[in-house]
K.L.:
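One structure coming up, written as structure tokens, with questions to follow.
Computation of the quantities below employed the complete heavy-atom set of this structure, encompassing side-chain atoms and omitting hydrogens, waters and symmetry-equivalent molecules. Letters A, B, ... mirror the listed sequences (proteins, then strands); counts begin at 1.
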Amino acid sequence: MTDFERKVYEAVKLIPEGFVATYGQIAELAGYPRAARAVGNALHRNPDEEHVFCHRVVNSNGDLAKSFGFGGRDEQRRRLIAEGVYVVNYKVDLSEYGINLNDFLK
DNA sequence: GTTGGGGCCGTCA
DNA sequence: CTGACGGCCCCAA
């Protein structure tokens, strides 16, 4: 496992229940502001879905990933709903559930 | 709403 | 080293 991946997973763990973050935000939290793409790559190889909430990560449009790593979008959607996140056609309202980076950058 | 192009980054073959 | 390949992003038509 690389440092990059570790940081990404750590960042993902910071997302509070009932909220979601974009790949770009995760990239920033991880310390790689422009590595949104690499983030997706890392998440695909998610080591343990139990502790890393990859289902709380969506793209800048609020859409769920097409090729979710386990169980597909349906599983991702199921988990979000279970947390109280309203999901419509594999899409979430970022202005409602999106996180604010400033709340994580102390 | 839709494409399409350019740029970005880390991994792996 | 080089070149592909993504759970991406942004802006311009």
K.L.:
Side chains of A:P16 and A:F104: does their closest heavy-atom pair fall under 4.5 Å?
P.N.:
yes
K.L.:
Does anything in residues 2-23 of chain A reach DNA chain B, meaning a heavy atom under 4.0 Å, and if so which residues?
P.N.:
A:T2, A:F4
K.L.:
I'd like the 5' and 3' limits of the part of DNA chain B contacted by chain A, with heavy-atom contacts below 4.0 Å.
P.N.:
B:dG7 to B:dC12
K.L.:
Tell me, what's DNA chain B's dot-bracket, Watson-Crick or G-U with both distances under 3.5 Å, | for other-strand, [ ] crossing?
P.N.:
.||||||.|||||
K.L.:
To the nearest 0.5 Å, what is the distance between CD on A:E5 and CG on A:N46?
P.N.:
10.0 Å
K.L.:
How long is the span from the CD1 atom in A:I81 to the NE2 atom in A:H55, to the nearest 0.5 Å?
P.N.:
11.5 Å
K.L.:
Please identify which of these residues, A:I15, A:I99, A:L14, meets the side-chain contact (heavy atoms from CB on, under 4.5 Å) condition with A:I26.
P.N.:
A:I15
K.L.:
For C:dG7, does either OP1 or OP2 sit under 4.0 Å from a side-chain N or O belonging to A:H44?
P.N.:
yes
K.L.:
Dump the pairs, protein N or O against N or O of nucleotides 2-4 of chain C, anything under 3.5 Å, distances to one decimal.
P.N.:
none

K.L.:
So, A:Y97 side chain and A:Y86 main chain: donor-acceptor pair closer than 3.5 Å or not?
P.N.:
yes
K.L.:
For residues A:V52 and A:K13, determine if any side-chain heavy atom of one lies less than 4.5 Å from a side-chain heavy atom of the other.
P.N.:
yes
K.L.:
Reading DNA chain B from 5' onward, which residue's closest nucleotide shows up sooner: A:R37 or A:M1?
P.N.:
A:R37
K.L.:
Does A:R6 qualify as a cation-pi partner of A:Y9, given the criterion of NZ or CZ under 6.0 Å from the six-membered ring centre and within 45 degrees of its axis?
P.N.:
no
K.L.:
Grab the two heavy atoms, one from A:S60 and one from A:L94, that are nearest each other, plus how far apart they are.
P.N.:
O-CD1, 3.2 Å
K.L.:
Work out which heavy atom in A:A35 is nearest to a heavy atom in A:A27; give both atom names and the distance.
P.N.:
C-CB, 3.8 Å
K.L.:
Between A:E75 and A:R78 (salt bridge meaning N to carboxylate O under 4.0 Å), is one present in this structure?
P.N.:
yes
K.L.:
Looking across every strand, which nucleic acid part, if any, lies under 4.0 Å from A:A35 by heavy atom: base, sugar-phosphate, or nothing?
P.N.:
sugar-phosphate
K.L.:
When the P atoms of C:dG7 and B:dG6 are compared, how many Å lie between them, rounded to an integer?
P.N.:
22 Å
K.L.:
Running the 4.5 Å side-chain criterion over Ile, Leu, Val, Met, Phe, Trp and Tyr, what cluster does A:F70 land in, apart from itself?
P.N.:
A:F68
K.L.:
Mind listing the closest non-hydrogen atom pair of A:R77 and A:V87 along with its distance?
P.N.:
CG-CG1, 3.8 Å
K.L.:
List the atom of A:A38, the atom of A:F4, and the distance in Å for their closest heavy-atom pair.
P.N.:
CB-CZ, 3.5 Å
K.L.:
Look at A:R34 together with A:E28 and state whether they make a salt bridge at an N to O cut-off of under 4.0 Å.
P.N.:
no
K.L.:
A:R73 near the nucleic acid: base, sugar-phosphate alone, or nothing, with a heavy-atom cut-off under 4.0 Å?
P.N.:
nothing
K.L.:
What parts of residues 55-68 of chain A reach DNA chain C, counting only heavy atoms under 4.0 Å away?
P.N.:
A:V57, A:N59, A:S60, A:A65, A:K66, A:S67, A:F68
K.L.:
Tell me, with the steps shown, if A:Y90 and A:D74 meet side-chain hydrogen bond (donor to acceptor under 3.5 Å, both in side chains).
P.N.:
CA-CA 8 Å; A:Y90 301 108; A:D74 295 307; 2.5 Å; yes
